[in-house]
Amino acid sequence: MRKKHTITVNDKGQLIFLDHTKEELETEIALMQLGTNKISKCAKVLYQIRHLPKDVKINFAKEEKDLKTFIIEKQTLHAKRDLKNQKNTCISIKGQLRSKIFSRIKKTIKDLLLKQSTYRFANNRWVDSENLITVINAKTPDINQKSWRIWSRNGKWSGNSTEITVSVPLVHWYNHIYKKGLALVDGTFILDILEEAPDHYIVLAGKKGRGFSIEPCKAKINKNNKSLKWLKQV
């Protein structure tokens, strides 16, 4: 018909005629078998492929391959692509789940520090101070607080804004500290358990210093009454 039609192969190795319906092709093949030669070349291609002698070769992509080899190669290629897509999907789902878990643990830490801790936060009447809490997933536990001077809009009054930064291995902290009820002891945030004895824990905790400062120090927690006592720093 002097028009270019496209034939593709799907994942199952089936031929797809993009410019014809299945019914059209079957009708044309039936007419050809009845003796009519005025049918589309697509129908002729389909008929010839269905009735190929074993030794007939078809030219695909400028190199001669038998149809069976061509279809097997296509199936292998699509199988590899499907496997790669499945792996990418799996990684994506794991990443999303990991992100949700981390977000929940971070929110738990922020809520504990804001609602229950005895750490000092900025509270200025005449300036719009901020109290920020940043939680980082890290192997090495740490805690610190910094403050900076801010001014009111009219420039007459000054105050402070603060930021507490907590670094802990989030999942480990949640499973080994939070679930044991040791996240906050006497209003002090517990970063890690260093040693455990029958009657006490030796922990790393955020010790409140002068002003807004906080630093990690060793402490002892009595298991009976959950009281915290700071140990002398060497």
Side-chain angles (χ1 to χ4, degrees), residues 90-151 157-234:
C90 183
I91 292 172
S92 177
I93 292 173
K94 287 182 179 179
Q96 291 175 7
L97 181 60
R98 183 183 181 89
S99 178
K100 286 184 179 179
I101 292 172
F102 282 6
S103 295
R104 290 180 181 178
I105 298 174
K106 287 180 179 181
K107 186 178 184 304
T108 299
I109 293 174
K110 289 180 180 180
D111 290 344
L112 287 169
L113 292 173
L114 284 172
K115 296 177 181 179
Q116 302 178 38
S117 76
T118 57
Y119 297 127
R120 183 183 173 190
F121 289 97
N123 184 15
N124 306 110
R125 181 179 178 184
W126 303 107
V127 294
D128 297 326
S129 58
E130 289 184 298
N131 290 297
L132 306 174
I133 296 176
T134 301
V135 181
I136 301 171
N137 181 43
K139 292 182 179 180
T140 305
D142 193 15
I143 186 171
N144 62 76
Q145 185 177 26
K146 63 180 180 180
S147 63
W148 59 95
R149 180 73 65 180
I150 59 172
W151 294 86
W157 312 99
S158 67
N160 291 289
S161 284
T162 69
E163 181 180 20
I164 294 178
T165 302
V166 176
S167 301
V168 288
L170 293 176
V171 175
H172 174 84
W173 178 88
Y174 185 82
N175 289 330
H176 295 85
I177 297 174
Y178 180 79
K179 285 187 175 181
K180 289 181 179 180
L182 298 174
L184 282 177
V185 178
D186 289 346
T188 299
F189 186 79
I190 307 302
L191 295 161
D192 197 9
I193 297 175
L194 304 177
E195 300 176 27
E196 182 176 358
D199 60 341
H200 69 271
Y201 297 103
I202 302 298
V203 300
L204 186 68
K207 185 177 183 180
K208 180 180 177 182
R210 296 181 61 183
F212 294 104
S213 66
I214 304 173
E215 60 179 347
C217 296
K218 288 184 179 181
K220 180 179 179 180
I221 297 176
N222 190 311
K223 285 187 177 181
N224 294 325
N225 56 16
K226 288 288 180 72
S227 62
L228 182 143
K229 182 179 180 181
W230 295 107
L231 300 177
K232 290 183 178 181
Q233 302 303 307
V234 178

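Here the structure is a predicted model, which is why all the values come from computation and not from measurement.
Taking OG1 of Thr108 as the reference point, atom CG of Leu113 lies at 11.0 Å (rounded to 0.5 Å). Atom-to-atom distance recorded for Asp192:CG and Leu182:CG is 11.0 Å, nearest 0.5 angstrom. Ile193 CD1 to Leu204 CG: the interatomic distance, rounded to the nearest 0.5 Å, is 11.0 Å. Atom-to-atom distance recorded for Ser213:OG and Lys208:NZ is 9.5 Å, nearest 0.5 angstrom. Interatomic distance, Glu195 CD to Lys220 NZ, rounded to the nearest 0.5 Å: 11.0 Å.
Within 6.0 Å of NZ in Lys107 there are 12 or fewer heavy atoms belonging to other residues, nucleotides or ligands. A 6.0 Å sphere centred on NZ of Lys223 holds more than 12 heavy atoms belonging to other residues, nucleotides or ligands. The neighbour count for Lys106 NZ, taken as heavy atoms of other residues, nucleotides or ligands under 6.0 Å away, is above 12.
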Report the C-alpha distance between Asp186 and Thr188 in whole Å, list the side-chain angles of each, state the deciding distance to 0.1 Å, and finish with yes or no for side-chain hydrogen bond (donor to acceptor under 3.5 Å, both in side chains).
-> CA-CA 5 Å; Asp186 289 346; Thr188 299; over 6 Å; no
Checking side chain to side chain contact (heavy atoms under 4.5 Å, CB included) for the pair Ile202/Leu231: CA distance, chi angles, key distance, verdict?
-> CA-CA 9 Å; Ile202 302 298; Leu231 300 177; 4.0 Å; yes
Take Arg149 and Asn160 through the test side chain to side chain contact (heavy atoms under 4.5 Å, CB included) and record every step on the way to the result.
-> CA-CA 5 Å; Arg149 180 73 65 180; Asn160 291 289; 4.2 Å; yes
What do the steps show when you test Val168 against Ile105 for side chain to side chain contact (heavy atoms under 4.5 Å, CB included), and what is the final call?
-> CA-CA 11 Å; Val168 288; Ile105 298 174; over 6 Å; no
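Contact annotation: the side chain of Lys179 approaches that of Tyr174 to within less than 4.5 Å [non-hydrogen atoms, C-beta and beyond]. Ile190 places a side-chain heavy atom less than 4.5 Å from the side chain of Ile221. In this structure, the side chains of Lys180 and Glu196 come closer than 4.5 Å at one or more pairs of heavy atoms. A heavy-atom distance below 4.5 Å is not found between the side chains of Tyr201 and Leu194.
Residue Phe189 is tested with Trp173, Tyr119, Tyr178 for a ring-ring contact (aromatic ring centres under 6.0 Å, His included); the sole match is Trp173.
Residue Val135 comes nearest to Lys110 through the heavy atom pair CG2-CG, 4.0 Å, listed as atom of the first residue, atom of the second, then distance. Of all the heavy atoms in Leu191 and Pro216, the pair that sits closest is CD1-CB, 3.9 Å. Of all heavy-atom pairs between Asn124 and Ser129, the closest is OD1-CB, 3.2 Å. When all heavy atoms are compared, the tightest approach of Leu112 to Leu184 is O-CD1, 3.4 Å. In terms of heavy atoms, Pro141 sits closest to Pro169 at CG-CD, 4.4 Å. When every heavy atom of Trp230 is checked against every heavy atom of Ala219, the shortest pair comes out as CE3-CB, 3.6 Å.
Qualifying ring-ring contact (aromatic ring centres under 6.0 Å, His included) partners for His200, counting only residues two or more places apart in sequence or in other chains: none.
Residue pairs that meet the side chain to side chain donor-acceptor pair (under 3.5 Å) test with at least one member in residues 130-143, sequence neighbours left out, are Asn131-Thr162, Thr134-Glu163.
Between the side chain of Gln145 and the main chain of Arg120, a donor-acceptor pair closer than 3.5 Å is present.
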